[in-house]
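Quick note: numbers below take in every heavy atom, side chains included, and nothing from hydrogens, waters or symmetry partners. When a ligand or atom number is given, it counts from 1 through the structure's own listing order. Just so you know, these numbers come straight off a predicted model, no measurement behind them. Residue indices begin at 1 and follow the sequence shown.
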Amino acid sequence: MSRDLQMRRCFDLARLGHQSNRTNPCVGALLSRGRHVRAEGFYQKFGGPHAEVDCLSSLRQEDTHPDDELFVSLEPCNVDAKTPPCRDLILSRQIRNLTVSIVDPNPQISGSSIEELSQQGVTCRSGLLERLGETLLRPFHTSITQERPYLVLKWAQSRDGFIGRQGARIKISNGITDRLVHKWRAASDGIMVGTQTALVDNPRLDNRLYYGPSPTRIILDRKSKIPLTHHVLNDGHTTIICGPQRRDKDFVRTSFLPYGKEDDLSGLLAQLYKLDHGQILVEGGAELLRFCLTNGLWDECRIIVSDRSMHHGIPAPKIDLQEAGSWQYGDNQVLQLLNKR
Ligand SMILES: NC(=O)c1ccc[n+]([C@@H]2O[C@H](COP(=O)([O-])OP(=O)(O)OC[C@H]3O[C@@H](n4cnc5c(N)ncnc54)[C@H](OP(=O)(O)O)[C@@H]3O)[C@@H](O)[C@H]2O)c1
C-alpha cells in the first residue's frame with residue numbers, strides 16, 4: 001500500500017468512530033512495515049483509548065520494529081488527559097518513524113508533540129493529504145477553537161424555494177433522503193429545532209432509519225408552548241428543553257437549560273458544548289435557520305431540493321450555493337456547503 005493509501009486508510013478508520021467521538025476528534029492510526037500493514041486502530045468512543053493505543057494494542061511490546069512506521073490522521077497527544085500521552089506510548093514501543101496528516105489545532109499541543117518526538121530521535125513527517133485531513137477534522141476544529149458544537153444546518157426545500165406552509169406539515173424529501181437524514185442524525189449528538197417546528201410538525205426527531213444512536217432532542221421553547229402530549233415530551237427519549245423549567249409533569253428524560261432571548265443562542269451552544277455536544281444538526285424551521293446564518297452560527301449547510309414546486313409557503317433561507325457540492329438521490333438533489341473560515 002502506498003503512503004497516500006495508508007493515510008487514506010487512516011481517514012477511513014477514523015470515520016468509524018464518528019457516531020461516538022462527541023467533542024473529540026475522529027482519528028485513525030495504522031502501523032506498517034514498508035507496504036505491509038501490521039495493525040490498525042481508531043478512536044472508538046469519547047473518553048476511550050486513542051487511535052494509536054487501539055492500533056498498537058494488537059501487537060506485543062516486542063513485536064514493534066525500528067523499520068515500522070506509524071501513520072496517524074492527527075498529531076499524537078502529549079498531554080495527560082483522560083488517557084496517558086500517546087507520545088510516551090510511541091517512545092516506549094520504540095517506533096522510529098511517524099507520519100501524520102494534521103498538526104493538532106489544540107493550542108495545548110499544536111506541533112509540540114511532533115517536536116518532542118523528533119528530539120527523541122523519531123523521524124516525524126506531517127502534512128500528508130492535509131486538505132483531506134482538515135475536512136475530516138472540521139468538527140474538532142470548531143470544538144477546540146470556538147468551544148461550541150459543530151453546527152450543521154439542514155433543511156428541505158421545493159424547487160421554487162419553499163420549506164413548508166404556515167401551520168401545516170409538508171413532505172418534501174423522498175425515502176432515500178429521509179434515510180440519509182437519519183444517518184446524519186446518528187452522527188450528531190443533538191438535533192435542534194425552533195419552537196414553531198416542534199409545535200406544528202410534532203416531530204419525533206429520532207433515528208429510526210439508520211444504524212446507530214438517536215441524538216438528544218434540543219427544543220427551543222422559551223415560552224413553554226410545547227404541549228405535554230407532543231412526542232418530544234412524551235415518548236421517553238432524551239430531550240433538552242431550552243426555556244423555563246416546567247413543573248406540570250414528572251419529567252423523566254427531559255432536562256431544561258435556561259434560554260430567554262434570541263441573542264442567548266451562543267450562550268446556549270456554549271452550555272451544550274459543556275454537556276459534550278460536539279455536533280448539532282439544526283433541522284429548522286426557517287426562522288431559526290436564518291438566525292444561525294445571519295449570526296455566523298453555522299459550519300455546514302445540507303439542503304435537500306425536491307424537483308417539485310410549491311408556488312407559495314414559507315420561504316427557505318437564502319444562501320449562495322455556487323460552491324456547494326451536489327448529489328442526486330432520485331427526485332431529490334442534496335447540496336452541501338462548508339462555511340469558510
Ligand atoms: N422543510 C424543512 O426542512 C423544514 C424543517 C423544519 C420546519 N419546517 C417547517 O417550517 C415551519 C416552522 O418554521 P418557522 O420559521 O415558522 O419557525 P421555527 O424556526 O421552527 O421557530 C421559530 C420560533 O422559535 C423561537 N425561537 C427561539 N429562539 C430563536 C432564535 N434564536 N431564532 C429563531 N427563532 C427562535 C421563536 O418563538 P418564540 O418567540 O415563541 O420563542 C420563533 O418564532 C413549520 O411549518 C415546519 O413544517 C420545514
Side-chain angles (χ1 to χ4, degrees), residues 148-149 151-182 184-185 188 190-206 217-227 230-232 239-244 246 256-272 280-298 300-319 321 329 331-337:
R148 66 156 171 83
L151 296 174
V152 179
L153 309 188
K154 170 255 151 184
W155 69 88
Q157 65 178 60
S158 60
R159 191 160 82 165
D160 52 354
F162 297 101
I163 71 153
R165 294 232 171 85
Q166 214 69 52
R169 184 176 191 166
I170 305 281
K171 181 100 180 92
I172 296 174
S173 50
N174 65 26
I176 312 169
T177 50
D178 282 347
R179 193 171 288 260
L180 187 63
V181 170
H182 283 232
W184 297 340
R185 287 180 176 178
S188 307
I191 306 175
M192 179 180 281
V193 294
T195 311
Q196 275 306 110
T197 298
L199 262 179
V200 173
D201 292 1
N202 186 13
R204 290 180 189 278
L205 301 177
D206 58 4
R217 285 96 53 106
I218 303 162
I219 315 293
L220 303 184
D221 190 19
R222 55 190 174 182
K223 297 173 190 156
S224 303
K225 288 180 179 172
I226 312 297
H230 267 36
H231 294 306
V232 290
T239 300
I240 296 178
I241 295 288
C242 308
R246 292 172 66 164
F256 294 84
L257 283 179
Y259 178 67
K261 299 192 297 286
E262 284 167 21
D263 293 351
D264 293 342
L265 194 64
S266 294
L268 178 68
L269 292 170
Q271 291 183 69
L272 290 164
I280 291 180
L281 191 62
V282 182
E283 292 210 30
E287 207 179 320
L288 175 60
L289 293 166
R290 263 195 291 274
F291 183 90
C292 291
L293 286 168
T294 313
N295 291 281
L297 290 172
W298 67 285
E300 218 177 296
C301 284
R302 297 178 192 166
I303 306 158
I304 296 166
V305 186
S306 143
D307 70 353
R308 274 174 254 161
S309 295
M310 278 173 62
H311 309 295
H312 63 95
I314 302 171
K318 295 247 179 310
I319 182 164
L321 289 168
Y329 294 94
D331 59 359
N332 282 180
Q333 184 187 22
V334 173
L335 301 170
Q336 182 197 33
L337 186 70

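Listed by atom number, the atoms of ligand 1 under 4.0 Å from Lys223 heavy atoms are 38 (P), 39 (O), 40 (O). Ligand-side atoms of ligand 1 in range of Leu220: 27 (C), 28 (N), 29 (C), range being under 4.0 angstrom from any heavy atom. Listed by number with element, the atoms of ligand 1 under 4.0 Å from a non-hydrogen atom of Tyr259 are 27 (C), 28 (N), 29 (C), 30 (C), 31 (N). Using a 4.0 Å cut-off to heavy atoms of Gly284, the atoms of ligand 1 that qualify are 6 (C).
Smallest separation of non-hydrogen atoms from Val200 and Gly167: CG1-C, 3.5 Å. Residue Pro317 comes nearest to Leu293 through the heavy atom pair CB-CD1, 3.6 Å, listed as atom of the first residue, atom of the second, then distance.
Looking at Gln336 and Glu300, their side chains do bring a donor and an acceptor atom within 3.5 Å of each other.
Of the polar atoms of Lys225, at least one N or O is found under 3.5 Å from an N or O of ligand 1, judged by distance alone. Distances between N or O atoms of Ala156 and those of ligand 1 include at least one value under 3.5 Å. Residue Lys154 has no N or O atom closer than 3.5 Å to an N or O atom of ligand 1. Looking at Gln157 next to ligand 1, no N or O pair under 3.5 Å apart turns up. Residue Ala286 places at least one N or O, backbone or side chain, under 3.5 Å from an N or O of ligand 1.
Salt-bridge annotation for Glu262 and Arg222: present, with a side-chain N of the basic residue lying under 4.0 Å from a carboxylate O of the acidic one. One finds a salt bridge joining Lys171 and Asp178 here, because a Lys/Arg side-chain nitrogen approaches an Asp/Glu carboxylate oxygen to under 4.0 Å. Ion pairing between a basic and an acidic side chain is recognised when a charged N comes within 4.0 Å of a carboxylate O; Arg246 and Asp221 show such pairing.
Here the protein heavy atom with the shortest distance to atom 32 (N) of ligand 1 is Phe291 CB, 3.4 Å. Of the protein's non-hydrogen atoms, the one nearest atom 25 (C) of ligand 1 is Thr195 OG1, 3.3 Å. The single protein non-hydrogen atom nearest to atom 44 (C) of ligand 1 is Asp201 OD1, 4.0 Å, given as residue, atom name and distance. Considering only non-hydrogen protein atoms, atom 12 (C) of ligand 1 sits nearest to Thr197 OG1, 3.5 Å. From the protein, the heavy atom lying nearest to atom 30 (C) of ligand 1 is Glu262 CG, 3.5 Å. Annotation: atom 18 (P) of ligand 1 to nearest protein heavy atom, Gly285 N, 3.6 Å. Scanning the protein for heavy atoms near atom 26 (N) of ligand 1, the closest one is Arg222 NH2, 4.1 Å.
Side-chain atoms of Ser309 do not come within 3.5 Å of backbone N or O of His311 as any donor-acceptor pair. In this structure, Asn332 contributes its side chain and Ile176 its backbone to no donor-acceptor pair below 3.5 Å. Remark: side-chain polar atoms of Thr195 are paired, donor with acceptor, to backbone N or O of Leu220 under 3.5 angstrom.
Here the shortest heavy-atom distance to atom 8 (N) of ligand 1, taken over Asn295, Leu289, Asn202, Ile163, belongs to Ile163.
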>> For a side-chain contact (heavy atoms from CB on, under 4.5 Å) check, start with the C-alpha distance between Leu281 and Met192, then their side-chain angles and the critical distance, and finish with the verdict.
In response: CA-CA 6 Å; Leu281 191 62; Met192 179 180 281; over 6 Å; no
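For the pair Ala168 and ligand 1, a heavy-atom separation below 4.0 Å is found. Residue contacts with ligand 1: Ile172 is included, with a non-hydrogen atom under 4.0 Å away. Under a 4.0 angstrom heavy-atom cut-off, Gly164 registers as lying outside contact with ligand 1. Residue contacts with ligand 1 include Arg165, since one of its heavy atoms falls under 4.0 Å from the ligand.
Side chains of Ile314 and Gln166 form a contact here, defined as non-hydrogen atoms less than 4.5 Å apart. With a 4.5 Å cut-off on side-chain heavy atoms, Tyr259 and Ile218 do not count as touching.
The side chain to side chain contact (heavy atoms under 4.5 Å, CB included) test with Thr177 is passed by exactly one of Asp331, Ile304, Ile172: Ile304.
Under 4.0 Å from ligand 1, heavy atoms of Glu287 appear from its side chain as well as its backbone. Looking at Leu288 against ligand 1, both its backbone and its side chain come within 4.0 Å, counting heavy atoms. Under 4.0 angstrom from ligand 1, the non-hydrogen atoms of Ile314 all belong to its side chain. At a 4.0 Å heavy-atom cut-off, ligand 1 does not touch Ala198 at all. Residue-level proximity to ligand 1 for Glu283 is carried by the backbone, the only part with a heavy atom below 4.0 angstrom. Residue Trp155 touches ligand 1 through backbone and side chain together, judged by heavy-atom distances below 4.0 Å. Contacts between Gln196 and ligand 1, counted as non-hydrogen atom pairs separated by less than 4.0 Å, involve both the backbone and the side chain.
Atoms CH2 and CZ, from Trp155 and Arg302 in turn, are 12.5 Å apart once rounded to the nearest 0.5 Å. Atoms OG1 and CG, from Thr197 and Leu288 in turn, are 7.5 Å apart once rounded to the nearest 0.5 Å.
Applying the 6.0 Å contact sphere to CZ of Arg165 captures more than 12 heavy atoms from other residues, nucleotides or ligands.
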